[in-house]
Trainee: 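Here it is, the structure in full.
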2 protein chains.
Amino acid sequence: MAHQVTIKDLARHLNVSVATISRALRDMPEIKPETRQAVLQLAKEWDYQPNILATSLVKSRTKTIGVIVPDLAYHFFASVIKGIEEEANERGYSLLLTQTSELYQRELTNVQNLSRGQVEGFVISLSQETVDLDHLKRLQRKGIPLVFFDRDAAEMDVSKVMVDNVGAAYEATKHLIDNGCKRIAFLAGPHSVTVSNQRLEGYTLALKEFGYQIDESLIVHGEYNLERAIEITNYLINLENRPDGLIVVSDRLAVGAMSALKARNIKIPEEVAVVSFNNEPICTIITPTLTSVAQPTLDIGKLATSILVNQIEDTKGFFKPEVKILKTQLVVRESSQKLKVEN
Amino acid sequence: MAHQVTIKDLARHLNVSVATISRALRDMPEIKPETRQAVLQLAKEWDYQPNILATSLVKSRTKTIGVIVPDLAYHFFASVIKGIEEEANERGYSLLLTQTSELYQRELTNVQNLSRGQVEGFVISLSQETVDLDHLKRLQRKGIPLVFFDRDAAEMDVSKVMVDNVGAAYEATKHLIDNGCKRIAFLAGPHSVTVSNQRLEGYTLALKEFGYQIDESLIVHGEYNLERAIEITNYLINLENRPDGLIVVSDRLAVGAMSALKARNIKIPEEVAVVSFNNEPICTIITPTLTSVAQPTLDIGKLATSILVNQIEDTKGFFKPEVKILKTQLVVRESSQKLKVEN
DNA sequence: CTGAAAGCGCTTACAG
DNA sequence: CTGAAAGCGCTTACAG
């Protein structure tokens, strides 16, 4: 067979109209049982597959959601996507998945490509480079729903599924304090990254609450790469009054920080206790195992998708953007337990 | 604006036919410069986006490739996808990405969904459960090109981009022998997994070549999960004549094996040297760092995509399935170096 | 240089 | 219960 089988082919062979074929295939009640029978059988025999492009075109509905994430290789995004998939399937939607590789240009073209009639809405986490938000505002103007997660942009008035980063960092800091840390450093991301700033806020909040001085020399910002994390850690180690606790803005950077500490034979957690964020699989693999803040990735994905679909299917225009802040959970492991638990 | 702008809207506003709009937008030479000018300007002003569904329908071409992988959270697949993306972009194709979560059912529905006129070909890596290949044979019968990578199915006569697993395992085994291992065990995957079997073959080949006895008690098969890896490792440790070298079929399982060894205070590599496959990021993070066989993931993705596009665009029917076997590279780290390199 | 018409593969009032 | 016709948003010979 040179081309895909169409309803026309079926119609011709059965000597009925394409309308009848279309109805029979979709189990419309008005079709005579024998007709339906014959149609379904032939369709099966010829392995007929409806052309979804045609259906989408006439219905002006694709039942497809565009998902744009910075990088599929990040465990966090891969597992949020699992949640998105699950909810989408349940609601009868398919996914169009793309990654930006943290590049604004890619994000732009991805959004544009997908908005050419391919998707009815977006679940998106911004690239690190993204500052200009025109491409997203254009979507909004056209009434294409979108939901943010993880990477935020304050000025966008859309639905968002975020995590209580302030609270998470507060808890992480308190945990170090409880474990006897006196000087706690914070290895932060770039100044422009909201998530990092929120975590920093939680950190200072906790310090203040427990009567600790905020020491600016202990707060260092850097790009998201291993080399910088090592550099910063070495700087911290070399301080006159070296920190005895370290909060790192992500597990990946924490890996760099820990390797720098190990290279200098500094004991973790005895000399420096370490806590980080995301609870990626490496946390259980690295030595010592790494205390980290777990995000409810599956729920983030599901909730974001659920809100999006609600908006897509809201024909009455009742929908208002929803902002959800989910709770995190501190998973305590070896890297932070200066004081052994007694029982 | 309630709906997306169409060429009809533009035509009406400019008092020309939709044909003229269509031609102007695509820069056809016959259009009068002033007309084109006006069209382009209005299109820009109204942020017109061509409806790709309509275009695809009339051209019977989507310029889209379906990609089906077991799990996006596996580093291996995420990085092959990078290669696929790169090559696809270069050739002017988009990607439709799906994962099966290693479930046959998902693979089936993914293939079916995508073959409803959405993609022109597939790059696919089979789910672990997949035994029945009817869904793929149906694609073939319809003349929809597909290319396999990593996970093979011998009976399918299609293009494949694989890796020389036999050679890779041969090299890994030889490396352990060179490092003084006398009894080398092999922690394999399930019996049904081709990749695992090929690696096992390379292992026996090397043993034979270097005059080692094949000891069946040192070859153990298991599912792909940490618990089984730990179980198997414990079994190996408890053997009367404990192995002093261990080849593990994947990094993930190697992590389990190493934690079992560490739990029993068995020194790596002094007492048991370890080598595994895939060279995932964990190899550099775990202690000791893990010697592993690197696959050329980017090349796998690019090559698979290049072959696929060649087949898609081969209108003359000259195309014959191509099977490519790429070379791997052993990355030596601490876990396998019993004998320190002298210089 | 431009337009009318047919068509891509479907769905859906409308009529019978 | 079934069919003819119009239409979804485009492209493309064909004619002028």
Side-chain angles (χ1 to χ4, degrees), chain A residues 1-40 42-43 46-64 113-120 142, chain B residues 1-40 42-43 46-64 113-120 142:
Chain A
M1 227 160 297
H3 73 135
Q4 293 273 71
V5 180
T6 70
I7 55 172
K8 231 174 172 173
D9 299 325
L10 300 176
R12 196 158 23 215
H13 189 262
L14 292 176
N15 255 316
V16 293
S17 72
V18 294
T20 300
I21 301 286
S22 170
R23 290 185 183 113
L25 288 171
R26 280 169 305 128
D27 266 345
M28 312 234 82
E30 65 262 39
I31 294 293
K32 185 161 62 169
E34 299 91 82
T35 315
R36 180 187 3 264
Q37 210 31 56
V39 172
L40 292 180
L42 187 65
W46 286 5
D47 192 22
Y48 165 79
Q49 298 285 356
N51 184 320
I52 232 176
L53 301 183
T55 312
S56 297
L57 189 59
V58 36
K59 295 209 165 180
S60 297
R61 295 223 42 195
T62 60
K63 283 259 195 178
T64 301
N113 287 340
L114 296 189
S115 62
R116 296 179 178 179
Q118 300 202 73
V119 305
E120 300 187 45
K142 292 193 183 177
Chain B
M1 227 162 297
H3 74 134
Q4 293 274 70
V5 179
T6 70
I7 56 172
K8 231 174 170 173
D9 299 325
L10 300 176
R12 197 160 19 218
H13 189 260
L14 292 175
N15 255 314
V16 294
S17 72
V18 292
T20 299
I21 301 287
S22 170
R23 291 187 182 109
L25 289 171
R26 279 168 308 128
D27 265 345
M28 311 235 82
E30 65 260 39
I31 293 294
K32 184 161 60 168
E34 299 90 82
T35 315
R36 184 197 347 273
Q37 216 21 63
V39 172
L40 292 180
L42 187 64
W46 286 5
D47 193 21
Y48 165 78
Q49 297 286 354
N51 184 320
I52 232 177
L53 301 183
T55 312
S56 298
L57 190 59
V58 37
K59 294 210 167 183
S60 299
R61 296 222 43 193
T62 59
K63 282 261 196 174
T64 301
N113 288 339
L114 297 188
S115 61
R116 296 180 178 177
Q118 300 201 73
V119 306
E120 299 188 45
K142 292 192 183 178

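Excluded from the calculations below are hydrogen atoms, water molecules and symmetry mates; all remaining heavy atoms, backbone and side chain alike, are included. Just so it is clear, the model here is predicted, and its values are computed rather than measured.
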Trainee: When the P atoms of C:dC10 and D:dC1 are compared, how many Å lie between them, rounded to an integer?
Mentor: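 Looking at atom P only, D:dC1 and C:dC10 are 24 Å apart.
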Trainee: If only side-chain N and O atoms of B:S17 are considered, is one of them under 4.0 Å from the OP1 or OP2 phosphate oxygen of C:dA4?
Mentor: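 Checking C:dA4 against B:S17, no side-chain N or O comes under 4.0 Å of OP1 or OP2.
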Trainee: Counting only side-chain nitrogens and oxygens, does B:Y48 get under 4.0 Å of the OP1 or OP2 atom of D:dC10?
Mentor: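 So the side-chain polar atoms of B:Y48 do come within 4.0 Å of the phosphate oxygens OP1 or OP2 of D:dC10, strictly under.
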Trainee: Which nucleotide in the set C:dG3, D:dG7, D:dC10 lies at the smallest distance from any side-chain heavy atom of B:T20?
Mentor: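 Among C:dG3, D:dG7, D:dC10, the one nearest the side chain of B:T20 is C:dG3.
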Trainee: So does B:K59 get a side-chain nitrogen or oxygen closer than 4.0 Å to the phosphate oxygens (OP1/OP2) of C:dG7?
Mentor: no
Trainee: Rounded to whole angstroms, how far apart are CD1 on A:I21 and P on D:dA4?
Mentor: 13 Å
Trainee: Is B:T35 touching bases, backbone alone, or none of the nucleic acid, heavy atoms closer than 4.0 Å?
Mentor: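 Answer is sugar-phosphate: B:T35 comes under 4.0 Å of backbone atoms only.
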Trainee: Using atom CD1 of B:I7 as one end and atom P of C:dA4 as the other, report the distance to the nearest whole Å.
Mentor: 13 Å
Trainee: Return the 5'-most residue of the pair A:V18, B:L57 with respect to DNA chain D, ranking by each residue's nearest nucleotide.
Mentor: A:V18
Trainee: How many whole angstroms separate atom CZ of B:R12 from atom P of D:dG9?
Mentor: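 Atom-to-atom, B:R12 to D:dG9, this comes out as 10 Å.
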Trainee: Check whether any side-chain heavy atom of A:R36 lies under 4.5 Å from a side-chain heavy atom of A:D27, and answer yes or no.
Mentor: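 Result yes, sub-4.5 Å side-chain heavy-atom pair found.
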Trainee: Decide yes or no for B:N51 and B:T6: does some side-chain heavy atom of the first lie under 4.5 Å from some side-chain heavy atom of the second?
Mentor: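 Contact flag for B:N51/B:T6 side chains = no.
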Trainee: When the distance from CG of B:L53 to P of C:dG9 is rounded to whole Å, what number comes out?
Mentor: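 For the pair B:L53 CG and C:dG9 P, the rounded distance is 15 Å.
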Trainee: Test for a donor-acceptor pair under 3.5 Å between the base of D:dG9 and the side chain of A:R116, counting only N and O atoms.
Mentor: no
Trainee: Would you indicate what B:I31 reaches in the nucleic acid, counting non-hydrogen atoms under 4.0 angstrom: base, sugar-phosphate, or nothing?
Mentor: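 Sugar-phosphate, no base atom in range.
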Trainee: Starting at CD1 of A:I52, measure out to OG1 of A:T64 and round the result to the nearest 0.5 Å.
Mentor: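 If I round to the nearest 0.5 Å, the distance is 6.5 Å.
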Trainee: In whole Å, what is the span from the CZ atom of A:R26 to the P atom of C:dA13?
Mentor: 10 Å
Trainee: Tell me the interatomic distance from A:R23, atom CZ, to C:dC10, atom C1', rounded to whole angstroms.
Mentor: 13 Å
Trainee: In the structure shown, which nucleotide is the Watson-Crick or G-U wobble counterpart of C:dA13, with both distances under 3.5 Å?
Mentor: none
Trainee: If you measure from the P atom in D:dA4 to the same atom in C:dG7, how many Å do you get, rounded?
Mentor: 16 Å
Trainee: Determine which nucleotide pairs with C:dA4, using a 3.5 Å limit on both distances of a Watson-Crick or G-U wobble pair.
Mentor: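 Base-paired to nothing in any strand shown.
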Trainee: Judged by each residue's nearest nucleotide on DNA chain C, which is more toward the 5′ side, B:A54 or B:E30?
Mentor: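 Of the two residues, B:E30 wins.
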Trainee: If we only count heavy atoms from C-beta on, is the B:Y48 to B:L42 side-chain gap below 4.5 Å?
Mentor: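 No; the side chains remain at least 4.5 Å from each other.
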Trainee: For A:L25 and D:dT2, what is the distance between atoms CG and P respectively, to the nearest whole Å?
Mentor: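 For the pair A:L25 CG and D:dT2 P, the rounded distance is 13 Å.
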Trainee: Nearest 0.5 Å, please: how far is CD in A:E30 from OG1 in A:T20?
Mentor: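 Reported value, rounded in 0.5 Å steps: 9.5 Å.
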Trainee: Phosphate oxygens OP1/OP2 of D:dC8: is one of them under 4.0 Å from a side-chain N or O of B:K8?
Mentor: yes
Trainee: If you compare every side-chain N and O of A:S60 against the phosphate oxygens of D:dC8 (OP1, OP2), does one of them come in below 4.0 Å?
Mentor: no
Trainee: Could you tell me the separation between the CG atom of A:N51 and the P atom of D:dG9, rounded to a whole number of Å?
Mentor: 16 Å
Trainee: Counting C-beta onward and ignoring hydrogens, is there a side-chain heavy-atom pair between A:D47 and A:V5 closer than 4.5 Å?
Mentor: no
